[in-house]
K.L.:
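Got a structure for you, written out below as structure tokens; questions coming shortly.
Hydrogens, waters and symmetry mates are skipped; everything else that's a heavy atom, side chains included, is used. Please read all numbers here as calculations on a predicted model, not as lab measurements. For this chain, numbers begin at 1 and follow the sequence in order.
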Amino acid sequence: MMKKKRFQLKHTKPEKHLGPRGRISARAALLFDLRWQNLGTSLRAFCHQHPASSPKGGRGGSPKPTRKLRWVEGQRGTRAGSQPARVLPGAQTRAQLRGACAAAPGRGFTVIARRAGPALVRKRGAVVAERLLTQRSPGRARGGGGPRRFGGRPGGSAQPEAPASAARGVLGSVDMNPVLVVHGGGASNISKDRKERVRQGIIRAATEGYKILKDGGSAVDAVEGAVTVLEDDPEFNAGCGSVLNVNGDVEMDASIMNGKDLSAGAVSAVQGIANPIKLARLVMEKTTHCFLTDQGAAKFATAMGIPTVPKEQLVTERNIKRLEKEKHEKGAPKPDCEKNLGTVGAVALDRNGNVAYATSTGGIVNKMVGRVGDTPCIGSGGYADNDIGAISTTGHGESILKVNLARLTLFHVEQGKTLEEAADMSLGYMKSKLKGLGGVILVSKAGDWAVKWTSASMPWAAAKDCQLHSGIDLDETNVTDLP
């Protein structure tokens, strides 16, 4: 049997923590704290080996335990502190580790070394480390039992032994606190007679999506469920409440994205479908494409068995009046960036640490036939990546498209900005460059959330820790308990 080589440290110089010839001591527990440049987040890795003792006792020297290796995924934390690690069970080989990392919320790691000590991995050009736990076979090592966890510095005192379930990959697993945030679109104003109906509608959507998460549903299930509620509510510019184009018809756009594997689906200019977000999810899951439009989307919907509804069923009296008013005021219209900001969207973080977004809209009043805005465009109408978070946008579609508002905001998050700072920067950039107004909702991979807008108002609601936060106007926040 080939003898395993010990891991030779090349990227750090913690000489005081090393044994003879620069190798990791059998008694040492080594802490790496490698910080990403410009990110303000860190990945911590621990390597633990049991105190040296002969399996048979009575002799000194380095132990030769029977190791059961379990790779553990390190998680980047927020500025307030790092998140715990989660176990990648059953990863005994390099290929198995790659598969486990790809299936985990913190996917994307590529192994570049694996030895008896910590394993260095490379992620987007930065050398980071993952925790490797070693365990003696209970029949060979004194004391038996599961692995012991040591303090952050070498020589730290041992913590109580982990439960027996740790050997099955439970130790270090993270049950994330689910989060769901929804918005009902930026608006120049909401009349007093509609405001309460809009408030109740946004609360229903958030409650429905959060219930899906609490029941163990995925982030994709939650955002789809929340947006479906808004599409079925005529108070919102999506689904049965969609505004009308120049011909008085409804043309709808929608998109959805799973942050776990960056899979996405989108549809545009669809007619006669009550819930375009459901069709967008089918595009994501049942095709090799990301985007279907108009007649192609209609044929796909028929093939998938999605029922069609009469076009008249999606036209409301309120939207007919809005179109007539828009056409009468065509001689002196307001700039497009100051009106027609309606969209609905949702972002979510589930218990497994996966994020997702969904966005749906009927577009803008009196638009040209075939006009497509930002909503179905990945990176503009929304984006989701487990390594960063998820975002859904609303506002003037042409402005959002020009600045790729969703991806721009998450880029600022990648650069170490808080969610609020990132949202302010991207919305401010769009407003200064294009005079475009809009809003965003975000959730980070750590479970933080934020709501920002530059329009006059934006209905929103956020559910976390069994509490519901909601509002419409600036500086308005209501908090209620959820069952």
K.L.:
If you measure from the Lys or Arg side-chain nitrogens to the Asp or Glu carboxylate oxygens, is any gap between R204 and D233 under 4.0 Å?
P.N.:
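Salt bridge present between R204 and D233.
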K.L.:
Do R194 side-chain atoms and E235 backbone N/O form a donor-acceptor pair below 3.5 Å?
P.N.:
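At least one qualifying donor-acceptor pair exists.
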K.L.:
Taking atom types as modelled, find out whether H412 and S426 have a side-chain donor-acceptor pair closer than 3.5 angstrom.
P.N.:
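Short answer, no.
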K.L.:
Tell me the closest heavy-atom pair linking A423 and V440, and the distance in Å.
P.N.:
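Minimum heavy-atom separation between A423 and V440: CB-CG2, 3.7 Å.
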K.L.:
Atom CG in L405, atom CE in M430: separation rounded to 0.5 Å?
P.N.:
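It comes to 5.0 Å.
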K.L.:
Is R407 close to S380 at the side-chain level, that is, under 4.5 Å between some pair of heavy atoms?
P.N.:
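Sidechains of R407 and S380: no contact.
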K.L.:
Kindly compute the distance separating CG (N275) from CG (D232), expressed to the nearest 0.5 Å.
P.N.:
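Interatomic distance, N275 CG to D232 CG, rounded to 0.5 Å: 4.5 Å.
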K.L.:
What are the two closest non-hydrogen atoms of V347 and L442, and how far apart are they?
P.N.:
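Closest pair (atom of V347, atom of L442, distance): CG2-C, 4.1 Å.
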K.L.:
List for me each residue that meets ring pair (Phe, Tyr, Trp, His ring centres under 6.0 Å) alongside H469, sequence neighbours excluded, and say none if there are none.
P.N.:
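Result, ring pair (Phe, Tyr, Trp, His ring centres under 6.0 Å) vs H469: W449.
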K.L.:
In this structure, which one of V443, L180, D448, L213 forms a side chain to side chain contact (heavy atoms under 4.5 Å, CB included) with L349?
P.N.:
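One option only clears the test, and that one is V443.
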K.L.:
Do you see a donor-acceptor pair shorter than 3.5 Å between the side chains of D350 and S218?
P.N.:
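Checked: D350/S218 side chains show no N/O donor-acceptor pair below 3.5 Å.
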K.L.:
Sub-3.5 Å donor-acceptor pair from the side chain of D385 to the main-chain atoms of A390, do we have one?
P.N.:
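No.
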K.L.:
Taking K464's backbone N and O only, do any of them form a donor-acceptor pair with Y210's side chain (distance below 3.5 Å, no angle check)?
P.N.:
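Here the side-chain-to-backbone pair does not exist.
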K.L.:
Does this structure show an ion pair linking E285 with R281, if we count only N-O contacts that are shorter than 4.0 Å?
P.N.:
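Looking at R281 together with E285, the answer is yes, because their closest N to O distance falls below 4.0 Å.
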K.L.:
Find the distance between NE2 (H183) and OG1 (T343) and round it off to the nearest 0.5 Å.
P.N.:
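Between H183 NE2 and T343 OG1, I get 6.5 Å after rounding to 0.5 Å.
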K.L.:
For A298, is there any backbone N or O sitting under 3.5 Å from a side-chain donor or acceptor partner on T302?
P.N.:
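Yes, because the side chain of T302 sits within donor-acceptor range (under 3.5 Å) of the backbone of A298.
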K.L.:
Could you pull out the closest heavy-atom pair between S392 and T359, with the gap in Å?
P.N.:
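Closest pair (atom of S392, atom of T359, distance): OG-OG1, 2.8 Å.
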K.L.:
Nearest 0.5 Å, what's the CG-NZ distance between D249 and K367?
P.N.:
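Those atoms lie 10.0 Å apart.
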K.L.:
Ignoring hydrogens and geometry, is there a side-chain-to-backbone donor-acceptor pair from N245 to G248 under 3.5 Å?
P.N.:
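Pair found, side chain donor or acceptor close to backbone of G248.
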K.L.:
For residues 472-483, tabulate all N or O donor-acceptor pairs below 3.5 Å that involve a side-chain atom, not counting sequence neighbours.
P.N.:
| residue | atom | partner | partner atom | Å |
| --- | --- | --- | --- | --- |
| D473 | OD2 | K195 | NZ | 2.8 |
| E476 | OE1 | I472 | N | 3.4 |
| E476 | OE1 | D473 | N | 3.0 |
| E476 | OE2 | R199 | NH1 | 2.6 |
| E476 | OE2 | R199 | NH2 | 3.3 |

K.L.:
In the structure I gave you, are the side-chain heavy atoms of N237 and S242 within less than 4.5 Å of one another anywhere?
P.N.:
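Yes; the side chains approach each other to less than 4.5 Å.
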K.L.:
Going by an N to O cut-off under 4.0 Å, is there a salt bridge joining K452 and E420?
P.N.:
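Salt bridge absent between K452 and E420.
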K.L.:
Considering only NZ, NE, NH1 and NH2 on the basic side and carboxylate oxygens on the acidic side, decide whether K311 and E251 come within less than 4.0 Å.
P.N.:
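Salt bridge flag = no for E251 with K311.
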K.L.:
Of the non-hydrogen atoms in A462 and V181, which two are nearest, and what is the gap between them?
P.N.:
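Nearest pair, atom of A462 first, then V181: CB-CG2, 3.9 Å.
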K.L.:
With rounding to the nearest 0.5 Å, note down the distance linking CE in M252 to CG in L314.
P.N.:
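CG of L314 is found 5.0 Å from CE of M252.
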K.L.:
Within a reach of under 6.0 Å around CE of M304, are more than 12 heavy atoms found that belong to other residues, nucleotides or ligands?
P.N.:
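Count over threshold, so yes.
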K.L.:
Under the side chain to side chain donor-acceptor pair (under 3.5 Å) rule, what pairs show up with a residue in residues 287-296, not counting sequence neighbours?
P.N.:
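Only S268-T293 qualify under side chain to side chain donor-acceptor pair (under 3.5 Å).
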K.L.:
Could you give the distance from OH (Y429) to CG (L434), rounded to the nearest 0.5 Å?
P.N.:
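The CG atom of L434 is 7.5 Å from OH of Y429, to the nearest 0.5 Å.
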K.L.:
Testing the 3.5 Å rule here: is there a donor-acceptor pair between the side chains of S255 and Y357?
P.N.:
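Result is yes, a qualifying pair exists.
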K.L.:
For C377 and L401, which heavy atoms make the closest approach, and how far apart are they?
P.N.:
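Closest heavy-atom pair between C377 and L401: SG-CD2, 3.7 Å.
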K.L.:
For S263, does its backbone N or O pair with a side-chain atom of D261 as donor and acceptor, under 3.5 Å?
P.N.:
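Flag set: sc D261 to bb S263 pair under 3.5 Å.
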